[in-house]
Number of protein chains: 4
Amino acid sequence: MYSRYAVRVHLTLDLDSEVPIYLQLRDQVVEAIADGGLAEGSPLPSTRQLAADLGINFHTVNKAYDLLRQQSVIRINRKSGAVVRRDAGSGPPEPGFVEDWEQRLRTLLAEAVVHGVAPAGVRERCDGVLASFRAGDRV
Amino acid sequence: MYSRYAVRVHLTLDLDSEVPIYLQLRDQVVEAIADGGLAEGSPLPSTRQLAADLGINFHTVNKAYDLLRQQSVIRINRKSGAVVRRDAGSGPPEPGFVEDWEQRLRTLLAEAVVHGVAPAGVRERCDGVLASFRAGDRV
Amino acid sequence: MYSRYAVRVHLTLDLDSEVPIYLQLRDQVVEAIADGGLAEGSPLPSTRQLAADLGINFHTVNKAYDLLRQQSVIRINRKSGAVVRRDAGSGPPEPGFVEDWEQRLRTLLAEAVVHGVAPAGVRERCDGVLASFRAGDRV
Amino acid sequence: MYSRYAVRVHLTLDLDSEVPIYLQLRDQVVEAIADGGLAEGSPLPSTRQLAADLGINFHTVNKAYDLLRQQSVIRINRKSGAVVRRDAGSGPPEPGFVEDWEQRLRTLLAEAVVHGVAPAGVRERCDGVLASFRAGDRV
DNA sequence: GTGGTCTAGACCACA
DNA sequence: GTGGTCTAGACCACC
């Protein structure tokens, strides 16, 4: 018999990172959804369960889930816990999202260019990442 | 006669952003270099000068410059001040940079995909940003 | 022949809402009465029946009915089940109700004003809601 | 010499209320802004200061401020703390706000009508509340 | 069982 | 000085 939350997602945290744990959690859930490992409707572990598995405090998981909820990525139900609400096929982005996102993209791409990655190389790596997402989607 | 630091770079800070000021400064310098507005060898304003211009604490500017120095983007001489050390034509990236950067790219692209931006749209925007850099380069 | 509880009331629950289910139930019954869809003396479905129809736990329905009873909106007989006890024509409010209610109104209107809804717009929407109640009353 | 945060706002909490403290705090700040007691640009006490004044934990104040920030009511600055960002004159509401708000209005007005407040009385009290806001605005 | 709230105290990052 | 993060443990509401 399967556990209710088939863990096809490997969450790896770096407790010494300068990136807060709850943001690492948020990012990994988002990547898992983009990968196709988590589809719309997939349940996530309960906050306390996941906290125990990861060896962190449940408040930290709570904060990550709350952030994902605010960003419409998951919904949280009193009885059945957190469930994925958005994936690549869930409709167009909310107004204002793209502008904000593109600014962050600009910053990130500028960093690569300045450090000597050729524009062709940047583009190639973007394509590679996108391809990996679509590959995951088919699984 | 021009000031020694020809300000063809418009630094705009949002003091209320969740992004720390010293990081906003770092990002804007990097974007200015990618844009072509600052080339290898270009001098940057002194920390005190820039702090005064922006109305912020000079320690904050110091922190941004120090970060840029650690990332090999600028060189700091006691005598000639801060000077751009790297631009798009300064050679290949340092070992390890690309791996780290690609992970951040993956996180950022995943966010867009999950929020409903089509892969084609993501690629299009990447191209747009890269084109804006090359256009700036010619100026 | 009609069922004893002619369902002229469409109860729609959002199981993922942050508003507890029993409160959503309470609110919808109250709105149905204000609408005129349920008049004084109208019977409500039994708790078990309604729970089955809505696919929720019957304790939840029980809690909603109990709250409505405490607020004098319905009457519960072991024999005849739950019956609407109050509607718009059932007499003046109980002492203390208006003061408590007006405080909540103040909070709600303040929220609209602060978010940029003009006072005229607020009043207009209040009128619209009241008109919808009176229209339903005639049905 | 004045304190930096002229306390023209009296915050009164009911620690035994079923309404969470952080929501009471949020509501009172919003009402104070609607009242005109807090205008755009007014500073709020620091989280720890306010917590000490109210005899509650600073995390609770933190949560209230964070909620106000998410709703664009205040902005939070690393150095100068929380500042009012929105008041009645700060522009039109964000898209989607009015629909959500009107649903809550409908629920609230239905409650009054069912408890025997005449529609004219409801309207009168709405006007009264709005008038009190405008009166505060002139101060 | 689930999530949500509040308290308490520690430590760090930012300016 | 400010806010932000993480931990820990308690209690409650909902289902």
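A:Q24 has its CD atom 13 Å from the P atom of F:dT5, to the nearest Å. Rounded to an integer number of Å, the gap from D:F58 CZ to E:dC11 P is 14 Å. The distance between atom CZ of D:R48 and atom P of E:dA10, rounded to the nearest whole Å, is 12 Å. Counting to the nearest Å, the C1' atom of F:dG3 and the CZ atom of D:R75 are 16 Å from each other. If you take CG of A:D14 and C1' of F:dC6, they are 15 Å apart, rounded to a whole angstrom. Between the P atom of F:dC12 and the CG atom of D:D16 lies a distance of 12 Å, rounded to the nearest Å. Rounded to an integer number of Å, the gap from A:I56 CD1 to F:dA8 P is 11 Å. The distance from atom CG of A:N62 to atom P of F:dA8 is 15 Å, rounded to the nearest whole Å.
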Worksheet item: Can D:S90 and D:D87 be said to form a side-chain hydrogen bond (donor to acceptor under 3.5 Å, both in side chains), step by step?
Response: CA-CA 5 Å; D:S90 302; D:D87 63 15; 3.1 Å; yes
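With sequence neighbours left out, D:R85 forms a salt bridge (Lys or Arg N to Asp or Glu O under 4.0 Å) with no residue at all. Looking at residues two or more places apart in sequence or on another chain, you find a side chain to side chain contact (heavy atoms under 4.5 Å, CB included) between D:A110 and C:V30, C:E31, C:A34, C:F133. When the side-chain hydrogen bond (donor to acceptor under 3.5 Å, both in side chains) test is applied to C:E102, the partners found at least two apart in sequence or on another chain are D:R125. Residues satisfying the salt bridge (Lys or Arg N to Asp or Glu O under 4.0 Å) criterion with C:R86, sequence neighbours excluded, are absent altogether. In terms of the side-chain hydrogen bond (donor to acceptor under 3.5 Å, both in side chains) criterion, residue partners of B:E111 (sequence neighbours excluded) are, by chain and number, A:R104.
Taking only distance into account, the side chain of A:H59 meets the base of F:dG9 through a donor-acceptor pair shorter than 3.5 Å.
Comparing A:L15 and D:R69 against DNA chain F, the residue whose closest nucleotide sits nearer the 5' end is D:R69.
Residues B:D27 and A:R106 are not paired through a salt bridge, judged by the lack of any N-O separation under 4.0 Å between the basic side chain and the carboxylate.
The list of salt bridge (Lys or Arg N to Asp or Glu O under 4.0 Å) pairs with a residue in residues 55-76 of chain A, not counting sequence neighbours, reads A:D66-A:R69, A:R75-C:D16. The stretch residues 44-58 of chain D participates, sequence neighbours left out, in no salt bridge (Lys or Arg N to Asp or Glu O under 4.0 Å) pair at all.
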Response to the item:
Symbol by symbol from the 5' end, with Watson-Crick or G-U pairs under 3.5 Å, [ ] crossing and | another strand, DNA chain E is ||||||||||||||.
For nucleotides 13-15 of chain F, print each protein N/O atom paired with a nucleotide N/O atom at under 3.5 Å, atom names and distance only.
| unit_1 | atom_1 | unit_2 | atom_2 | d |
| --- | --- | --- | --- | --- |
| F:dC14 | OP1 | C:Y22 | OH | 2.8 |
| F:dC14 | OP2 | C:K63 | NZ | 2.8 |
| F:dC15 | OP1 | C:I21 | N | 2.8 |
| F:dC15 | O3' | A:K79 | NZ | 3.3 |

